[in-house]
Amino acid sequence: MAAAAAAAAAAAAVIGSASPHSRILQFSSSSRRRQLCISCTAVSPSPIPVSLAAGDRGVYNFAAGPATLPESVILKAQSELYNYRGSGMSIMEMSHRGKEFDAVIKKAESDLRRLLSISDDFAVLFLQGGATTQFAAVPLNLCKPDDPADYIITGSWSDKAYKEAQKFCKPNVVWSGKSEKYTKIPFFDEIRQNPDAKYLHICGNETIHGVEYKDYPEPKNKNSILIADMSSNFCSKPVDVSKFGLIYAGAQKNVGPSGVTIVIVRRDLIGDPQPITPVMLDYKIHADNASLYNTPPCFAVYICALVFEDLLDQGGLQAVEERNAKKAGILYEAIERSGGFYVCPVEKSVKSLMNVPFTLQNSDLEKKFIAEAAKEGMIQLKGHRSVGGVRASIYNAMPLAGVEKLVAFMKDFQARHP
């Protein structure tokens, strides 16, 4: 905590160094001429409270994304924001082709490769456009217009990926959980795959419905590959990347702010996109240019680099998964022991460690629950607009104390509403 406090103090010193200044504005017209003298005084913010430096910003943010980030990362970025490591510039101001940012993006890739044991057989790309853009990029890069591809639909995001792919190839739904309101994942031997499918696409964790794969299916076609949208559980646990042909993820859940999308793709799969593929969706263009074909989301990549470093300092993804399992276990246990006052509809074997949706037995109390929780500093608990209810997103950076406070509130709220 001493390091965090020092970082906060350094940031406060930088912010507080601004000096007052004034401007004279002149206005003229055909009918009159006058001078306006406006005095502009720079406002220096109050020093950072001790409680903030200690990691207490007054709220626990349970948003599905953009989501909470590690305290140490926020304070580190704050201390480097004005003058990045003696460069005389902010990371937001410098050239993406300069030596400073070149070191940032290279370290981000190197640390991510360490975290996930990514071999040189795979390219690691830092792109823009969110995971939604990848719904089109995947078939454009890996299929011809008449090629079949298999999709398992376990929630809203895999359904959207399938619908977008219809524009660029011949996708086939091999299983859908829609009839059961997306509360389960199929047994893999139930999936009727197309033997000619170019790939099998899944969403590793459905942010809205709280359904997460604990293991991954294998394409039955020996020439096919497995592709996963891992936006909301990326870097939350170890993953054997070698089992996939391509993994993509929006960073704004576990590893950074919105603005950067990470793609991990096997190199032998790229280089033959459909002719209509926009240059910005061509994986080989980005791989050949080390994610610097155009100006990347520099600040977002920088934050990702800090997060990857932090995850390594925590002991890697095995240690991170253990902490995530502990947090989720406490919350699910509180729901299960509520006697039906709170209900999570997801099948127990596939309950997400990242997104915990639940409803109240008396739905009329849900708005009151969310409002009272917000007053207690637990925000963004409202369920997605498409399903309602309550949703607690407890990504890597959500501290155990935040989950414990939510559980204590849940018990108190139930006691007050018998």
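Because the structure is a prediction, the values reported are computed rather than measured. Sequence positions, counted from 1, serve as the residue numbers for this chain.
Ring centers of Y151 and H201: under 6.0 Å apart, within the cut-off. Side-chain rings of F299 and Y84 stay apart, their centers remaining 6.0 Å or farther from each other. Remark: aromatic rings of F369 and F409 are close, center separation under 6.0 Å. The aromatic ring centroids of F244 and F122 lie 6.0 Å or more from each other.
Side-chain atoms of S236 and N254 include no donor-acceptor pair closer than 3.5 Å. Under 3.5 Å, the side chains of N324 and N396 contain a donor-acceptor pair of N or O atoms. Under 3.5 Å, the side chains of D240 and Y216 contain no donor-acceptor pair of N or O atoms. Under 3.5 Å, the side chains of R323 and Q314 contain a donor-acceptor pair of N or O atoms. Inspection of the N205 and N355 side chains reveals an N or O donor paired with an N or O acceptor under 3.5 Å.
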If you apply the rule salt bridge (charged side-chain N to carboxylate O under 4.0 Å, His left out), what do you find for R85 with E100, and how did you get there? CA-CA 9 Å; R85 303 185 185 183; E100 293 89 356; over 6 Å; no
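S352 and M354 get closest at one heavy-atom pair: OG-N, 2.8 Å. The two atoms that bring G155 and E206 nearest to each other are N-OE2, 3.1 Å, heavy atoms only. Between A108 and F308 the shortest heavy-atom distance is O-CD1, 3.4 Å. S232 and Y395 get closest at one heavy-atom pair: O-CE2, 3.5 Å. For the residue pair L116 and C235, the shortest heavy atom distance occurs at CD1-SG, 4.4 Å. Of all non-hydrogen atoms in L292 and I105, the two that sit nearest each other are CD2-CD1, 4.3 Å.
Residues that satisfy the side chain to side chain contact (heavy atoms under 4.5 Å, CB included) test with D159, not counting sequence neighbours, are I153, Y162, K163, Y182. In this structure N289 satisfies the side chain to side chain contact (heavy atoms under 4.5 Å, CB included) test together with I285, Y293, sequence neighbours excluded. With sequence neighbours excluded, no residue satisfies side chain to side chain contact (heavy atoms under 4.5 Å, CB included) with K367.
Put simply, CG on L140 and OG1 on T133 are 11.0 Å apart, with the number rounded to the nearest 0.5 Å. E212 CD to L353 CG: the interatomic distance, rounded to the nearest 0.5 Å, is 5.0 Å. Atom OH of residue Y199 and atom CG of residue D147 lie 9.5 Å apart, to the nearest 0.5 angstrom. Rounded to the nearest 0.5 angstrom, I394 CD1 and K326 NZ are separated by 13.0 Å. A distance of 14.5 Å separates CD1 of I118 from CZ of R266, quoted to the nearest 0.5 Å. Once rounded to the nearest 0.5 Å, the distance linking CG of L81 with CD1 of I91 reads 10.0 Å.
Judged by distance alone, with hydrogens and angles left aside, the side-chain atoms of N194 form a donor-acceptor pair with the main-chain N or O of D196 at under 3.5 Å.
For the pair E347 and K351, the salt-bridge criterion is not met [side-chain N within less than 4.0 Å of a carboxylate O].
Under a cut-off of 6.0 angstrom, the local environment of CZ in R192 is sparse, with at most 12 non-hydrogen atoms contributed by other residues, nucleotides or ligands. Residue K144 qualifies as enclosed at atom NZ: its count of foreign heavy atoms under 6.0 Å is above 12. No more than 12 heavy atoms of other residues, nucleotides or ligands lie within 6.0 Å of NZ in K284, so this atom counts as exposed by the packing criterion. Taking a 6.0 Å sphere around NZ of K170, one finds it holds 12 or fewer heavy atoms contributed by other residues, nucleotides or ligands. More than 12 non-hydrogen atoms from other residues, nucleotides or ligands lie less than 6.0 angstrom from CZ of R267. For W157, the CH2 atom counts as loosely surrounded, since its 6.0 Å shell holds 12 or fewer non-hydrogen atoms of other residues, nucleotides or ligands.
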